[in-house]
Protein chains: 2
Amino acid sequence: MKDILDTPVKMPAHETIYRALREKILFGELVPGQAVTIQGLVNELAVSMTPVREAIRTLTAEGALELQGNRRVCVPIIGERRFSELGFARLSIEPELAKRAALNMTPDDIEDLMRIDVELNKAIDSGDIHGYMKQNWLFHFTLYGHADSKVLQPLAESLWLRYGPLSRIVSGQYGTRNLVDLHDEALSALRDSDNAGVGDAIRGDIQQGLDIVRESQCW
Amino acid sequence: MKDILDTPVKMPAHETIYRALREKILFGELVPGQAVTIQGLVNELAVSMTPVREAIRTLTAEGALELQGNRRVCVPIIGERRFSELGFARLSIEPELAKRAALNMTPDDIEDLMRIDVELNKAIDSGDIHGYMKQNWLFHFTLYGHADSKVLQPLAESLWLRYGPLSRIVSGQYGTRNLVDLHDEALSALRDSDNAGVGDAIRGDIQQGLDIVRESQCW
DNA sequence: CAATCCAATATTTGATCAAATTATTTTTCA
DNA sequence: TGAAAAATAATTTGATCAAATATTGGATTG
């Protein structure tokens, strides 16, 4: 019989490597165009090739990395065309995910989200770009997590992996001062159990972010 | 300097393995719940572990395979909940993809699609389920291919990888006799350069398929 | 029924080979 | 002779394999 405490204390190396790389991409530590070499990671992380290869394969399948013809991989460069697709997909998936999440959330869950929003605003006020990136991600995905979705959530994660580096560039250019979001509207709708309203707030939040990136013309 | 003929004659082993497995899942040769072991593939395909691991990682990231807690992998079992998500995502992505594809298609491209539709109908008439699965996939994805989409198309492929096994089960239960589609409507809209109409036809086609699977209650 | 052992399987490593990039040298032509 | 192009060598990187290690699930046994 399985124990209730089902926490696997030991994580496979490929999983560890995957998470480390993923974080770097998601929060913009790796810039678009930057090469990611297997051997480089082998040396940097003191592990063997196979788990590194697996981590890279996973990230590549998720769109976070891209195979260049010559069997090299790099962080993809997003042009206007792909940005448009990314925006369409995010607007199609994430509001629905938020709506489905709202359906399942308890007052405690909402408080968790409020705490994250507080941290987020602190990061904005202090100009901490990495903190902003992280808390913003955390806000969206602790929300989405409550949808208990095995299909839509991975899709959203894949889209954020591609959006992250772009967003990081824009934040780096303009700082965090004039960043705004519709998280308060989302939280307010959550408290009112207005599920559709949560979806609408998230849609607005995404649209706002997309507009900022589009205006910055970083391609 | 590089030659104009840049055709890589040799494909990496992990790519070959990936494609073979992918086909089997896509066209229902592997049924939901079926286990996929690394060693099994090593013996079956007479290759080494590393490329097999990579192929499995890629398919897992695409949702075509699923990690069971105990580091085993199997073809995922789709329940009602996930089916609903799958349907929502397909309806959100694929009509848009079709619309964008229509924008770029020449009369020759449309003829290619008509030829595929002829083959598809032959497969239906002869009760060839595998042929039906393959030609139906081919119809949708040669269409989608013209959208030249690096974001939406991979999403659609990922969704089909999960939809395939389900669709195969239903076809196996009821045969190909009463299968219908809206491909003629799509082709007709294509000939009229009615891009939105192409999207609508594909939406209808997908909805029809979803309804059939839902009615069959295969969970 | 629980603890322990065993077989099957997954994970990781280090080594080897092949391909691609970069650096260097040689050749060619004005 | 000098500069650009071509060829070649050296280095880096990727792909594959086979062996060693670790984990899991089930059988065995007390």
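Labels below follow one simple rule: chain letters A, B, ... track the order of the sequence lines, proteins then strands, and each chain is numbered from 1.
Taking each heavy atom of Gln208(A) and Asp181(A) in turn, the nearest pair found is OE1-CA, 3.6 Å. Annotation for Ala89(B) and Leu152(A): closest pair CB-CD2, 4.0 Å, computed over non-hydrogen atoms.
Shown for residues 54-63 of chain B: residues whose heavy atoms fall under 4.0 angstrom of DNA chain C, namely Arg57(B). Within a heavy-atom distance below 4.0 Å of DNA chain D, the residues of residues 32-48 of chain B found are Val47(B), Ser48(B).
Atom CG of Leu67(A) and atom C1' of dT13(D) are 14 Å apart (whole Å). Distance NE2 (His14(A)) to C1' (dA10(C)): 8 Å, rounded to an integer number of Å. Across the protein-nucleic acid pair, Arg72(A) atom CZ and dA20(C) atom P stand 9 Å apart, rounded to whole Å. Between Ile17(B) atom CD1 and dA15(D) atom P there is a gap of 13 Å when expressed in whole angstrom units.
A donor-acceptor contact shorter than 3.5 Å is absent between the side chain of Ser167(B) and the backbone of Tyr163(B). The closest donor-acceptor contact from the side chain of Ser158(B) to the backbone of Pro154(B) lies at 3.5 Å or more, if one exists at all. With hydrogens and angles disregarded, a donor-acceptor distance shorter than 3.5 Å links the side chain of Asn121(B) to the backbone of Asp117(B). With Gln34(B) contributing its side chain and Val31(B) its backbone, the two residues share a donor-acceptor pair below 3.5 Å.
One finds a side-chain N or O of Asn70(B) lying less than 4.0 angstrom from the OP1 or OP2 phosphate oxygen of dG25(D). A close approach under 4.0 Å does not occur between any side-chain nitrogen or oxygen of Arg53(B) and OP1 or OP2 of dA10(C).
Asp211(B) is linked by a salt bridge (charged side-chain N to carboxylate O under 4.0 Å, His left out) to Arg214(B), counting only residues two or more places apart in sequence or in another chain. For Arg100(A), the side chain to side chain donor-acceptor pair (under 3.5 Å) partners are Glu96(A), Ser84(B), not counting sequence neighbours.
End-to-end axis angle of the helix from dC1(C)-dG30(D) to dA30(C)-dT1(D), using five pairs per end and rounding to 10°, comes to 0°.
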Full working for side-chain hydrogen bond (donor to acceptor under 3.5 Å, both in side chains) between Glu62(A) and Tyr18(A): CA-CA 11 Å; Glu62(A) 292 176 338; Tyr18(A) 165 76; 2.9 Å; yes
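Note on ring orientation: taking the six-membered ring where Trp is involved, the planes of Trp160(B) and His140(B) are tilted (angle from 30° to 60°). Using cut-offs of 30° and 60° on the angle between ring planes, the pair Tyr144(A) and Phe141(A) is perpendicular.
With Leu21(A) as the partner, the side-chain contact (heavy atoms from CB on, under 4.5 Å) test is satisfied by one option alone out of Leu30(A), Thr58(A), Thr16(A), Val52(A): Leu30(A).
Between Glu119(B) and Arg115(B), the closest side-chain pair of non-hydrogen atoms is not below 4.5 Å.
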Using a cutoff of under 3.5 Å, can you pull out all pairs of nitrogen or oxygen atoms linking the protein to nucleotides 20-23 of chain D, with atom names and distances?
| residue | atom | partner | partner atom | Å |
| --- | --- | --- | --- | --- |
| dT23(D) | OP1 | Lys10(A) | NZ | 2.3 |
| dT23(D) | O4' | Arg71(B) | NH2 | 2.7 |

